[in-house]
Number of protein chains: 2
Amino acid sequence: MSCLATLKENGFKITPQRKLIADFFHDAESHLTAEEIIAHVHEKMPGVNKSTIYRNLDIFEHLGCVLKSESGDRVIYHHTEEGHHHHLVCVKCGKSMDCDEMLFRPVEKTLRDKYNFRVDFKHQVISGLCENCYKQP
Amino acid sequence: MSCLATLKENGFKITPQRKLIADFFHDAESHLTAEEIIAHVHEKMPGVNKSTIYRNLDIFEHLGCVLKSESGDRVIYHHTEEGHHHHLVCVKCGKSMDCDEMLFRPVEKTLRDKYNFRVDFKHQVISGLCENCYKQP
DNA sequence: TGTATAATTGCAACCGGGTGCATTTACGAT
DNA sequence: ATCGTAAATGCACCCGGTTGCAATTATACA
């Protein structure tokens, strides 16, 4: 369902700023960084305040339209229609690829069984080395 | 080996600010947050600038005396002599416990085999629910 | 012990992200 | 079409962490 429809359903108003953000997520093939979103909005509508953008990203997140993942200094936003998965980001070349959401199931099980600790790993951003960068020292 | 000795060996100067930080790590039983370190230094020597502290934490990290782990907004510093392990932090009560460093081995193997992606999970800070908080809704 | 000098500190400013509050705006009722 | 009002925006400022630069200080050497 469209992000804008979800906003309306939940009693939020449709503003031009929100339209810009929602459209950008619908057009995006993959995840977006806060920087990219702010740049896009400013391009189409200069003068929009960053706090407006961050507040609306939070709203979209709470409505379940968008997912926010963070790892260290990386923050990534996702349109939820993309499905669930983790992100492998190469620390050398910056290339990013998606990976199966089941990846951490064995770890979750170990933590539950051995440590009585419950974790649900979702949209993890994992930093490492891709094949090319690993080969080339 | 002492952090101060390591500093000296690598051509760094021994300053009172560095002594305070190093001593605090030696006395600490477990990991420390930036907040705790800054508070301790200010208590013993008011007026020390935060940038001095952050810069020195970076130096200790690069010299291998201290390890920095982050996950989202949590940042944790460790004296390396403590040994290696991950941290389970309860999002409800804030309680923190250590867990075995082998935890992510199966994930590392999967990433290497299926995705040709190399990761070395070290000192991860894992947010979840401890037993008590899980039982009490 | 005194001095030269490179490293270190403190400062002030910056960065991404977040918040309280006054002004503006979307939109349901009329 | 107008209006009233609650919600959204822009603004100004806060926060933890980082950086460039001028002033200070630890240390090697005389």
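Keep in mind that the numbers below use all heavy atoms, side chains included, and drop hydrogens, waters and symmetry copies. In what follows, every chain begins at residue 1, and chains take the letters A, B, ... in the order their sequences are listed.
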Please determine whether side-chain contact (heavy atoms from CB on, under 4.5 Å) holds for the pair A:Leu103 and A:Gln124, giving the CA-CA distance in whole Å, both sets of side-chain angles, and the decisive distance to 0.1 Å.
CA-CA 10 Å; A:Leu103 183 69; A:Gln124 294 295 308; over 6 Å; no

Taking atom [atom2] of [N] as reference, at what distance in whole Å does atom [atom1] of [X] sit?
X       : N      : atom1 : atom2 : result
B:Glu9  : D:dT27 : CD    : C1'   : 17 Å
A:Lys68 : C:dG16 : NZ    : C1'   : 11 Å
B:Asp58 : D:dT19 : CG    : C1'   : 11 Å
B:Ile76 : D:dG16 : CD1   : C1'   : 16 Å
A:Lys19 : D:dT9  : NZ    : P     : 12 Å
A:Ile53 : C:dC15 : CD1   : C1'   : 16 Å
B:Leu57 : D:dT19 : CG    : P     : 14 Å
B:His42 : D:dG16 : NE2   : P     : 12 Å

Between the main-chain N or O of B:Phe12 and the side-chain N or O of B:Asn10, is there a donor-acceptor pair closer than 3.5 Å?
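No.
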
I'd like a list of close polar pairs between nucleotides 6-9 of chain C and the protein, N/O only, cut-off under 3.5 Å.
{"from": "C:dA6", "atom 1": "N3", "to": "B:Lys13", "atom 2": "NZ", "distance (Å)": "3.3"}
{"from": "C:dA7", "atom 1": "O4'", "to": "B:Lys13", "atom 2": "NZ", "distance (Å)": "3.3"}
{"from": "C:dT8", "atom 1": "OP1", "to": "B:Lys13", "atom 2": "N", "distance (Å)": "2.9"}
{"from": "C:dT8", "atom 1": "OP1", "to": "B:Arg18", "atom 2": "NH1", "distance (Å)": "2.6"}
{"from": "C:dT8", "atom 1": "OP1", "to": "B:Arg18", "atom 2": "NH2", "distance (Å)": "3.4"}
{"from": "C:dT8", "atom 1": "O5'", "to": "B:Arg18", "atom 2": "NH2", "distance (Å)": "3.4"}
{"from": "C:dT9", "atom 1": "OP1", "to": "B:Thr15", "atom 2": "OG1", "distance (Å)": "2.7"}
{"from": "C:dT9", "atom 1": "OP2", "to": "B:Asn56", "atom 2": "ND2", "distance (Å)": "3.4"}
{"from": "C:dT9", "atom 1": "O3'", "to": "B:Gln17", "atom 2": "NE2", "distance (Å)": "3.0"}

Using the ring centroid of each side chain, check whether A:His85 and A:His31 are separated by less than 6.0 Å.
no

Please assess A:Glu108 against A:Arg112 for the test salt bridge (Lys or Arg N to Asp or Glu O under 4.0 Å), listing each intermediate value before the final yes or no.
CA-CA 6 Å; A:Glu108 288 168 5; A:Arg112 201 166 53 240; 5.3 Å; no

Heavy-atom count around B:Met102 CE within 6.0 Å, excluding the residue itself: above 12?
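12 or below, so no.
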
One pair to check against side chain to side chain donor-acceptor pair (under 3.5 Å): A:Asp98 and A:His87. What are the steps and the verdict?
CA-CA 5 Å; A:Asp98 292 343; A:His87 303 273; 3.3 Å; yes

Nearest listed nucleotide, side chain of A:Lys50, among C:dG17, D:dG16, D:dA12
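When the side chain of A:Lys50 is considered, C:dG17 is the closest of C:dG17, D:dG16, D:dA12.
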
